[in-house]
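Have a look at the structure below before the remarks.
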Amino acid sequence: MTEDFDVSSDWHVAAPYEFLRGLREHSPVFRSEHLGAYVLTRYADVRAAYGDPGRFSSAGSLTISRSLTDRTREKLGEHGSFLGSFVANVDPPDHTRLRRSVSRAFTPRAVAAMEDTFRRLNEELLDRLDPRGEADFVTEIGHEPSVKLTARFIGVPEQDEAFVQAHVKDWFQLFLSPQPPERQLELADSFLTYLDYVDRLVAARAKDPQDDFTSLMTALIGAELSHREVVELISTILLGGNDTVPNQLGNTVLRLLREGVWPVPPGLVANASEECMRIDGASLGSFRYAATDIDLHGVTIPAGALVLLSTDSAAHDESVFPDPGTFRIDRPNAAEHLVFGYGIHFCVGAALGRLQLRTALEVLGHRLPGLRLVPGGPIAYRKSIVGRGLPSLLVEW
Ligand code: HEM
């Protein structure tokens, strides 16, 4: 096979599925030079690896970008290893403790209680945009309601939302994608300003608790959590709301419009959104480190090696999803996709993510039944190792 797993190339970002099918068939444990990682592509292997944290470790797996320069590290000081204790980035027993704490905020009741707010945020946005008859779905429709919902869930005051959003983007870039040296310094400044802000928010809630995530986690400082763990949790949950759900919604709307399924019949919204997550998942996979030598399909993954669990490939595995490249609104097992991961790190926000996708499809279908793509509008996914999303999607109604 001559091609590599190369997310910087256009063909891979646009249409990786023939390539992934070849890997599943001939090279299910594929060593990618480009990624510097082994790639697992079969559904059964990806699921088994997620379910085996003893051999497939999450410690440090999120902060795979090792590109910070010495000057940037100096500037960041003790914060240079930010995310080092984030729940998705650690193994048991730390994971067990952190996960127990964070789960307190995502009870089924707490999630269900967010539906009305989210619906209202969507309605308000459409009240403003409806008369225009056209918009960029990604930048003008998809993001705002999720970003606002997450900010309220965390307890960020409304007047600080834009500030927080800008800074979250900066720290995400700094720690999770390679940046040129000068840009790193700018991003590091922005990150330190952001950390100050979160520290102040935590201090304010310690004094005067409210009904929000920050207060709930702050109350656990000293008992279950450290101050730093709380700051990292707040930051990553803000990120969860800023990026993953809007990306998934953009991919979903593009798919539905292209398939001519708009508005989605109310009884089919839940399964349609699962099938869209399966076929155009916003998350492409997760990284792990091999904790020991791992023998699989005749290949030895050496201890310490980086491994990508390709959920995108798993979602297109013909042994689980027949005719995987075809969108089937009534696919019976669509929800078996692994786009939220699996096992102990299964996405803690999955129910909230699902609720947002379903609610957005309902409100959009009701308010903009004539939604369609602007003919000739540019459609290209962003280049990214683990996330799939559109920078822009021009629509009219
Ligand atoms: C469609 C939207 C979403 C997708 C595709 C997604 C995807 C994922 C995936 C694949 C993982 C597992 C990572 C791993 O095993 O290494 C994960 C974990 C996590 N997600 Fe999500 N997520 C979404 C929405 C959210 C939301 C809305 C929140 C919070 C408000 C959230 C918070 C988290 C947290 C805290 C973890 C870490 C859980 C742990 O390590 O135990 N996610 N997510």
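Throughout, numbering of the chain's residues begins at 1 and tracks the sequence. Remember, it's 1-based here, ligands and their atoms both numbered in the order they're listed.
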Residues Arg128 and Glu124 bridged, charged N to O under 4.0 Å: no
Could you work out, for atom 5 (C) of ligand 1, the closest of Val339, Val90, Ile344 by heavy-atom distance? Val339
Can you list the atoms of ligand 1 that are under 4.0 Å from a heavy atom of Ser283? 5 (C), 10 (C)
Any Tyr50 heavy atom less than 4.0 Å from ligand 1: yes
Hey, are the side chains of Leu338 and Tyr43 touching, using non-hydrogen atoms and a 4.5 Å cut-off? yes
Within 45 degrees of the axis of the six-membered ring of Phe321 and under 6.0 Å from its centre: does Arg278 put its NZ or CZ there? yes
Which atom pairs, one a donor and one an acceptor, fall under 3.5 Å between side chains of residues 389-397 and the rest of the protein, sequence neighbours left out?
unit_1 : atom_1 : unit_2 : atom_2 : d
Ser392 : OG     : Asp136 : OD2    : 3.0
Glu396 : OE2    : Arg372 : NE     : 3.3
Trp397 : NE1    : Asp130 : O      : 3.0
Trp397 : NE1    : Asp130 : OD1    : 3.3

For ligand 1, which atoms sit closer than 4.0 Å to a heavy atom of Arg99? 38 (C), 39 (C), 41 (O)
Under the side chain to side chain contact (heavy atoms under 4.5 Å, CB included) test against Phe5, which residue among Glu33, His12, Arg31 passes? His12
Going by heavy atoms, is His95 under 4.0 Å from ligand 1? yes
So the atoms of ligand 1 within less than 4.0 Å of a heavy atom of Gly341 turn out to be 10 (C)
If we ignore angles and hydrogens, is there a donor and acceptor under 3.5 Å between the side chains of Gln210 and Ser215? no
Is Thr150 close enough to touch ligand 1? Criterion: a residue heavy atom under 4.0 Å from a ligand atom. no
Quick one, Glu274 and Arg354 - any side-chain contact, counting heavy atoms below 4.5 Å? yes
If you measure from atom 33 (C) of ligand 1 to every heavy atom of Cys347, Ser273, Ser58, which option wins on shortest distance? Cys347
Which of the atoms in ligand 1, numbered in the order shown and given with their element, are less than 4.0 Å from a heavy-atom of Arg288? 14 (C), 15 (O), 16 (O)
What atoms in ligand 1 come closer than 4.0 Å to a heavy atom of Ala88? 37 (C), 40 (O)
Any Thr236 heavy atom less than 4.0 Å to ligand 1: no
Val102 to ligand 1, any heavy atom closer than 4.0 Å: no
Classify the ring geometry of Trp171 against Tyr194: parallel below 30°, tilted from 30° to 60°, perpendicular beyond 60°. tilted
